[in-house]
Every structure is written in structure tokens, then in C-alpha cells.
Amino acid sequence: MKKNKQIILAILVVFGLVAIMFTPIGTFLKSKIEDDSHLAGNDVELLDSDYDVDLAGHNGATTTNLLDIKNSGEVVFLNYWGSWCPPCVAEMPTIQKLYEAKGKKVKFVLVAIQDKPAVFNAFLQKNNYTMPVYEPSSPLSNNMLPKVFPTTYILNKKGEVVLKETKTRDWNDKEINDLLDKLIAE
């Protein structure tokens, strides 16, 4: 009898683990484990070919190529977002404040993914967001395509990634302002 209970319990545990792996919860847990892998230095290195993405400008931005921005000699704030993404929407006010403070010295590139211009432009206008927004008009490489939203990179003047963040944060905090000031001064 005791052995039967152990077998039943083992079957239930295995069934539960299999069920979790094929449900939204399992997908979420798996993505969180993969997302945190960048903390251990397992990130894919981005090549110039990954940055070769044509960008259609919105909200005052002009059409450009991400590789040209990377190689511009400017500090770059690159954020992948969507108006459909609650964590992205949550951090937008802090990005706007950072843009107002640093927008003359840092190149801001907010790339809307899986979004429609009519939707994200209405969102920007409704919230009085003035930062430049782009939409990819050519495919993104697998290395450049975000796995989670939001995903943000800060590049130094040499075009090197000095920070990658794959979660919502206060982008106008002291740590980020100090980092940008340091990169601007280099």
C-alpha cells in the first residue's frame, strides 16, 4: 500500500512537471531562467550585421539604419518596447524624463516591436511622449530580436554595449544618469 502511494506520488510529480513545461506558466518560467542567463555573461555578442536594421522614424524621428546610429560616435539608449506590453508602458514615464534630461547628448532609439504605428503613435500622443520612436522596416537578426519586453541597451561612443537590461526599471534614477554622464564625458 505504501509503495503504491509512492508510485502514484511520483507519477503525479512527473505529470505536473510535464504539464508546467507546456503551459504559459512553464513558458514564463523557462523564459525567466533564460533571461537571467545574461547575468552570468552568457549573452550573445552583437555583431555589426545584427545592427544592420532599417528603421522608419515616428514621433519626430527620421528614417535611419541602426548600424549608422551605433557607429555615430554618440552614446545610444536603445529600447525595444510595445504599447501592448504593460512592463514597457510602466517604464515609459521614466524614459521620457531621461530623454528630457539627456536627449541633446544621448541618441535615444525606442524601437516598437509587434505594434502598429496607428496604435503606438496614439499612445505616444495621449501621454505627451516626445522621445523618438522607430519601427523596423527590415528584419531583425535572431541576436537582435528581444526575447522579453522591454529590452534595453546602452552603448558607449564606440558602439559597445555597456548595459543590457531585460526588465522594467526607473531609467531616470541616479545610477543611469551617472552612467550616461560618464559615457558622455569619455
Side-chain angles (χ1 to χ4, degrees), residues 28 31-48 50-53 55-61 64-115 120 123-124 127 129-136 140-184 186:
F28 171 77
S31 73
K32 289 309 290 176
I33 291 167
E34 291 171 352
D35 292 345
D36 290 341
S37 69
H38 77 279
L39 299 174
N42 294 331
D43 245 3
V44 174
E45 185 176 332
L46 296 173
L47 306 173
D48 276 355
D50 294 316
Y51 287 94
D52 190 11
V53 179
L55 299 172
H58 296 271
N59 211 34
T64 189
N65 185 286
L66 187 55
L67 182 59
D68 293 338
I69 293 170
K70 175 197 175 279
N71 294 329
S72 68
E74 296 178 82
V75 176
V76 178
F77 180 93
L78 172 61
N79 175 271
Y80 290 97
W81 72 288
S83 63
W84 49 266
C85 163
C88 302
V89 170
E91 72 179 6
M92 278 294 172
T94 69
I95 294 174
Q96 177 65 37
K97 288 179 183 170
L98 184 65
Y99 173 69
E100 290 168 1
K102 306 287 186 202
K104 293 189 189 323
K105 297 180 180 181
V106 173
K107 180 73 174 174
F108 280 75
V109 182
L110 281 77
V111 181
I113 302 287
Q114 298 175 348
D115 217 336
F120 68 74
F123 166 78
L124 295 167
N127 292 287
Y129 293 140
T130 58
M131 57 266 196
V133 172
Y134 300 87
E135 174 186 26
L140 275 72
S141 71
N142 279 340
N143 291 339
M144 185 57 76
L145 188 66
K147 308 301 184 256
V148 295
F149 290 89
T151 294
T152 305
Y153 297 91
I154 295 179
L155 285 65
N156 64 17
K157 291 179 180 179
K158 296 176 188 173
E160 300 164 333
V161 175
V162 294
L163 181 102
K164 178 184 178 185
E165 192 74 68
T166 57
K167 63 181 180 182
T168 302
R169 72 167 292 160
D170 177 355
W171 286 104
N172 195 38
D173 68 9
K174 181 174 177 10
E175 177 186 0
I176 295 300
N177 274 279
D178 289 349
L179 172 63
L180 291 176
D181 288 341
K182 177 183 172 211
L183 295 173
I184 292 165
E186 290 179 349

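Computation of the quantities below employed the complete heavy-atom set of this structure, encompassing side-chain atoms and omitting hydrogens, waters and symmetry-equivalent molecules.
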Would you say the side-chain atoms of N156 pair up with the backbone N or O of V162, donor to acceptor, closer than 3.5 Å? no

Side chains of M92 and W81: does their closest heavy-atom pair fall under 4.5 Å? yes

What verdict does the side chain to side chain contact (heavy atoms under 4.5 Å, CB included) test give for T130 and Q96, after you've listed the backbone C-alpha separation in whole Å, the side-chain angles of each residue and the deciding distance to 0.1 Å? CA-CA 7 Å; T130 58; Q96 177 65 37; 2.8 Å; yes

Does the side chain of S141 reach to within under 4.5 Å of the side chain of Y51, using non-hydrogen atoms? no

Is there a side-chain contact between T64 and Y134 (heavy atoms, below 4.5 Å)? yes

Any L155 side-chain heavy atom under 4.5 Å of K70 side chain: yes

Quick one: does D115's side chain have a donor or acceptor within less than 3.5 Å of a partner on S83's backbone? yes

Does D178 use its side chain to pair, donor to acceptor, with the backbone of E175 at less than 3.5 Å? no

What do the steps show when you test L180 against L98 for side chain to side chain contact (heavy atoms under 4.5 Å, CB included), and what is the final call? CA-CA 10 Å; L180 291 176; L98 184 65; 3.8 Å; yes

Is the shortest heavy-atom distance from the side chain of W84 to the side chain of F149 under 4.5 Å? yes

Any luck finding a side-chain donor-acceptor pair between E91 and W171 under 3.5 Å? yes

Could you walk me through whether K105 and D181 pass the salt bridge (Lys or Arg N to Asp or Glu O under 4.0 Å) check? CA-CA 9 Å; K105 297 180 180 181; D181 288 341; over 6 Å; no

Main-chain N/O of P87 paired to T168 side chain as donor or acceptor, under 3.5 Å: yes

Evaluate the criterion side chain to side chain contact (heavy atoms under 4.5 Å, CB included) for residue pair M144 and L66; output intermediate values, then yes/no. CA-CA 11 Å; M144 185 57 76; L66 187 55; 4.2 Å; yes

Check whether any side-chain heavy atom of L140 lies under 4.5 Å from a side-chain heavy atom of I113, and answer yes or no. yes

Might you confirm whether atom NZ of K182 has over 12 heavy atoms from other residues, nucleotides or ligands at distances under 6.0 Å? no

For N142, look at atom CG and say whether over 12 heavy atoms of other residues, nucleotides or ligands are found less than 6.0 Å away. no

Nearest heavy-atom pair of A112 and V133: which atoms, and what distance? CB-CG1, 4.3 Å

Does the N59 side chain pair with the main chain of M131, one donor and one acceptor, at a distance under 3.5 Å? yes

Under a 4.5 Å cut-off applied to non-hydrogen side-chain atoms, are I176 and D173 in contact? yes

Derivation and outcome, side chain to side chain contact (heavy atoms under 4.5 Å, CB included), residues L46 and Y153: CA-CA 11 Å; L46 296 173; Y153 297 91; 3.8 Å; yes

